[in-house]
Amino acid sequence: MKPFEFLDGPIRARFPELSAEDITFAAAPRLEVGDVALRTFSAAKKLGMAPADFAKAVASGVTFGPEVRAVAPAGPYLNFTLDRGMVARGIVSAVLGEGGQFGSNSSGAGRRLLIEHTSINPNASPHVGRARNAMIGDTLVRLFRFERYGVEVHYYVNDMGRQIGLLVLSCGDPEALSFDAMLDLYVEANARAEHDAAFAEEGYRQLALMEQGDPAVRAKFHAVTERCLRGQLAVLARLGIAYDRFDRESNFLLDPRLDRVLDALREKEAVFTDEEQRLVVDLSKLGHAREEGRYFVLMRANGSSMYGYRDLAYTIDKMERGADVNLWLLGEDHKLYAEQQALILGAAGIAAPEPIYYSYILLREGKMSTRMGKVVLLSDFLDEAIRRAAEKVDEQCTDLAPAERRAIAEKVAVAAVRFAILKIGPNKNVTFDWETSLSFNGDTGPYVQYSCARISSILRKFGEVPAEIAADFPATTDAEWRLLTHLASFPGIVAAATAQRACATIAQWALESARLFTGFYHDCPVLTADSGAKRIARVQLCAATRQALANALAILGIEALDRM
RNA sequence: GCGCCCGUAGCUCAGUUGGAUAGAGCACCGGCCUUCUAAGCCGUAGGUCACCGGUUCGAGUCCGGUCGGGCGCGCCA
């Protein structure tokens, strides 16, 4: 959707040297100055003119269509006063016409994308810090699906750790245990291993047996990790997060495809056996410039493989699936590691996935730690959110049945939790705070949902929204205009988010939409508008706003509500 | 020590990739529910965009340095 094509076309017809990128429109600083502004800097530079001269040349030398009422140069800026109704009509038609597709640029049509995200160690319940990975990952999945990519979501199951070995020793039949009981056992086993050397040793022995392929041990590991994984997925599912494939680390032991990598490393003399009999890669031979992180251990002296070695096989496996785009969502602590993996695979001519990093959510006391018990568990966080949302819904929606109220409370809670995380840029260290992240007021998911509910309420009272959009669309007040031009910016926001693999701008866009809608809501009565034509135009604008908001919220994994 | 990320209002964060007078929310203070849902709105107040220098018509945004915070540099995964 190009809302200002009627400006851009005539200018380029008069100055054929210019391309679309040279002509960028922005909101004028104040609506008294104009309805939309053109920054002339880049166009003027291309033409070798002074910006102010270019602005004057456009104002006096370009003939615009009926949409343009006035053109006013202001130094290097050019302010246009428009026939708002004509422009508004185009925007509302586009939104309502495209419906659930509005905002999509279909940039992924016919393309496949593979993404790996979350991949929490089985012995841990997801906490808020880790959940940042899952929520960002899941939102990227939704964003790329919205752009019509064929997306496959992978979860790497780290079923090879010593901690799993300890769990295997401690629990009988894992199916007889709850996930929480399993986690308690893990903490217990870990504590015991601290002072009981024989027990710790036995954990390593289990791991060795696992690696050697002992069928009984493998079955036991599988049963334990399966139980844990189900527990984790149940928590993540409450936030609407799901996966297509689960890739078990134990399936990538001694993978024959790694021979190709080892051969390539040997050829470049980048791999050697050190004085302690470990198999080590010297990354300096592969272009790694610094001493830090120069050596990467593949195998221990006893011949067992390191995590990073198995991960190479897993990455090869993912890359061989033939997706057009491969994404790998990682905490910032994995930056060097991902670079090392890419260098090693690169030596064998294998491309590595495109990493996407996010920073940690910290507590006021410091970093979250499962072992130290310094965590906010995702399930507790969500429970508290539902409790608070239910209080509000119970006092607000007294006419609804308890089950309906409960369903709304759960959706509000998901909105609060997801939005609180997603609205923040991923490379920002966030200090977690219960009150801020569970607030339903202000810049929050529930606030956006609330705007949707208000619109739905108007639409319910109005009845069927007419499909026909009037030629002289009478939605021309400042509040209506601000809202309309903002709605029109959505496809561009989606395109940028897709290109940057970042979703915070979608959340920011939704917030601004909700704010602008609220401004409209207060300034412009819909049901009691002073003319029939205005009533229809406004209800159509309401429907368009709801549609655009619902599309944005869907990308964020949040449901637009009709009641709350 | 070396590398990467971050530093914007008392607090939590935006800032459309270098453009007109730096914006929201929370908290504080003062208003608004016989009027489409007050999970809302309006108003007051709050800023040396960490600091120093540079690049240019123009810098919160780009470059260099300093200070402060986070992360990484494992026979962990």
Side-chain angles (χ1 to χ4, degrees), chain A residues 24 26-30 33 37 39-42 50-52 74-77 79 119 121 123 156 158 160-164 249 276-278 280 289-295 297 299-302 304 306-308 310-311 331-337 339-340 357-360 362 366-367 389 392-393 396-397 412 416 420 423-425 427-433 435-437 439-444 446-447 449-451 453-462 489 492-493 496 500 504-505 507-509 511-512 515 518-519 521-529 538-539 542 563-564:
Chain A
T24 50
R30 295 176 313 279
V33 170
R39 300 168 181 163
T40 62
F41 302 98
S42 52
Y77 300 95
N79 296 317
S119 303
N121 284 344
N123 52 283
Y156 192 41
N158 302 132
M160 287 295 299
R162 181 190 75 134
Q163 70 276 23
I164 306 297
E249 188 182 342
E276 293 168 59
Q277 300 304 303
R278 297 175 293 186
V280 180
R290 288 171 285 121
E291 193 59 29
E292 297 74 31
R294 173 178 169 184
Y295 297 105
V297 180
M299 287 205 226
R300 301 181 178 94
N302 67 6
S304 66
M306 296 283 288
Y307 173 81
R310 290 166 238 143
D311 212 7
E332 62 176 348
D333 54 339
H334 281 63
K335 228 163 191 172
L336 174 60
Y337 175 76
E339 286 164 14
Q340 291 170 327
Y357 302 107
Y358 66 93
S359 297
Y360 281 108
L362 310 171
K367 195 181 167 182
K392 190 83 188 169
V393 175
Q396 203 78 15
C397 305
V412 171
K423 73 170 177 183
I424 297 168
N427 48 6
K428 199 123 185 171
N429 277 132
V430 178
T431 305
F432 179 83
D433 173 68
E435 295 311 315
T436 308
S437 29
S439 167
F440 302 147
N441 303 323
D443 288 353
T444 65
Y447 171 68
Q449 286 178 313
Y450 185 65
S451 293
R454 281 173 145 185
I455 296 174
S456 292
S457 176
I458 292 174
L459 296 178
R460 268 196 307 272
K461 287 174 179 159
F462 182 88
S489 71
I493 295 291
Q500 293 161 23
T505 48
Q508 297 295 339
W509 182 90
L511 265 185
E512 183 64 11
R515 278 190 216 114
T518 305
Y521 182 85
H522 283 274
D523 290 358
C524 306
V526 179
L527 300 175
T528 57
R538 285 180 179 171
V539 86
C542 282
R563 288 288 312 263
M564 64 186 282

- Message: Base, sugar-phosphate or nothing for A:E291? Non-hydrogen atoms, less than 4.0 Å.
- Response: nothing
- Query: Which letters describe nucleotides 32-37 of chain B, given B = protein heavy atom under 4.0 Å from base, S = only from sugar-phosphate, - = neither?
  - Reply: ----BB
- In whole angstrom, give the distance that lies between atom CG of A:L511 and atom P of B:U12. 18 Å
Extract from the structure each pairing of a protein N or O with an N or O of nucleotides 15-19 of chain B at less than 3.5 Å, listing the distance.
from	atom 1	to	atom 2	distance (Å)
B:U17	N3	A:Q500	NE2	3.3
B:U17	O4	A:Q500	OE1	3.3
B:U17	O4	A:Q500	NE2	2.0
B:G19	O2'	A:Y77	OH	2.0

- Query: Base, backbone or nothing for each nucleotide of nucleotides 61-72 of chain B, written B, S, -, heavy atoms under 4.0 angstrom, 5' to 3'?
  - Reply: --------BBSS
- Message: Just checking A:F41 against A:Y77, ring centres under 6.0 Å apart?
- Response: yes
- Decide yes or no, distance alone: a donor-acceptor N/O pair under 3.5 angstrom between the base of B:C75 and the side-chain of A:E276. yes
- Message: Considering every strand and a 4.0 Å limit on heavy-atom distances, what is the contact class for A:V430: base, sugar-phosphate, or nothing?
- Response: sugar-phosphate
- Item | Contiguous pairing runs of three or more, Watson-Crick or G-U under 3.5 Å, that involve RNA chain B | B:1-7 with B:67-73, B:10-13 with B:23-26, B:29-32 with B:40-43, B:50-54 with B:62-66
- Heavy-atom nearest nucleotide on RNA chain B taken for A:S439 and for A:R162; more 5' hit belongs to A:S439
- Kindly indicate, with the supporting measurements, whether the criterion side-chain contact (heavy atoms from CB on, under 4.5 Å) is fulfilled by A:T518 and A:Y447. CA-CA 10 Å; A:T518 305; A:Y447 171 68; 3.3 Å; yes
- Query: Looking for any heavy atom pair under 4.0 Å, which part of the strands does A:V280 touch: base, sugar-phosphate only, or nothing?
  - Reply: nothing
- Name the closest nucleotide to the A:K335 side chain, picking from B:C4, B:A39, B:A14. B:C4
- Item | Euclidean distance for P, B:G40 against B:C28 (whole angstrom) | 15 Å
- Item | Polar contact flag, side-chain donor to acceptor under 3.5 angstrom, A:S439-A:N441 | no
- Mind calculating the distance between CG (A:D443) and P (B:A39) to the nearest angstrom? 17 Å
- So what does A:G425 hit on the nucleic acid, given a heavy-atom distance under 4.0 Å: a base, only sugar-phosphate, or nothing? sugar-phosphate
- Residues passing the salt bridge (charged side-chain N to carboxylate O under 4.0 Å, His left out) test with A:R278, sequence neighbours excluded, are A:D274, A:E276
- Task: Taking syn as within 90° of 0 and anti otherwise, name the glycosidic form of B:U17.
- Result: syn
- Query: To the side chain of A:T518, which of B:A39, B:C41, B:A77 is closest?
  - Reply: B:C41
- Task: Check whether any side-chain N or O of A:K461 sits under 3.5 Å from a backbone N or O of A:S456 as a donor-acceptor pair, and report yes or no.
- Result: no
- Message: Going by the rule side-chain contact (heavy atoms from CB on, under 4.5 Å), which residues pair with A:D311 if we only count those two or more places apart in sequence or in a different chain?
- Response: A:Y156, A:Y307, A:Y314, A:T315, A:W328, A:Y337, A:Q341
- Ion pair present between A:E291 and A:R294, side-chain N to carboxylate O less than 4.0 angstrom? yes
- Query: Taking atom C1' of B:A24 as reference, at what distance in whole Å does atom CD1 of A:I424 sit?
  - Reply: 13 Å
- Task: Determine the Euclidean distance between corresponding C1' atoms of B:C32 and B:C51; express it in Å to zero decimal places.
- Result: 45 Å
- Query: When the P atoms of B:G43 and B:C26 are considered, how many whole Å apart are they?
  - Reply: 14 Å
- Task: For B:C63, measure the glycosidic angle (O4'-C1'-N9-C4 for a purine, O4'-C1'-N1-C2 for a pyrimidine) and name it syn if it falls within 90° of 0, otherwise anti.
- Result: anti
- Interatomic distance at C1', B:G58 relative to B:G69, whole Å: 31 Å
- For nucleotides B:A39 and B:C33, find the distance between their P atoms and express it as a whole number of Å. 15 Å
- Item | Euclidean distance for C1', B:C62 against B:G23 (whole angstrom) | 22 Å
- Between B:A20, B:A14, B:C26, spot the one nearest the side chain of A:N441, thanks. B:C26
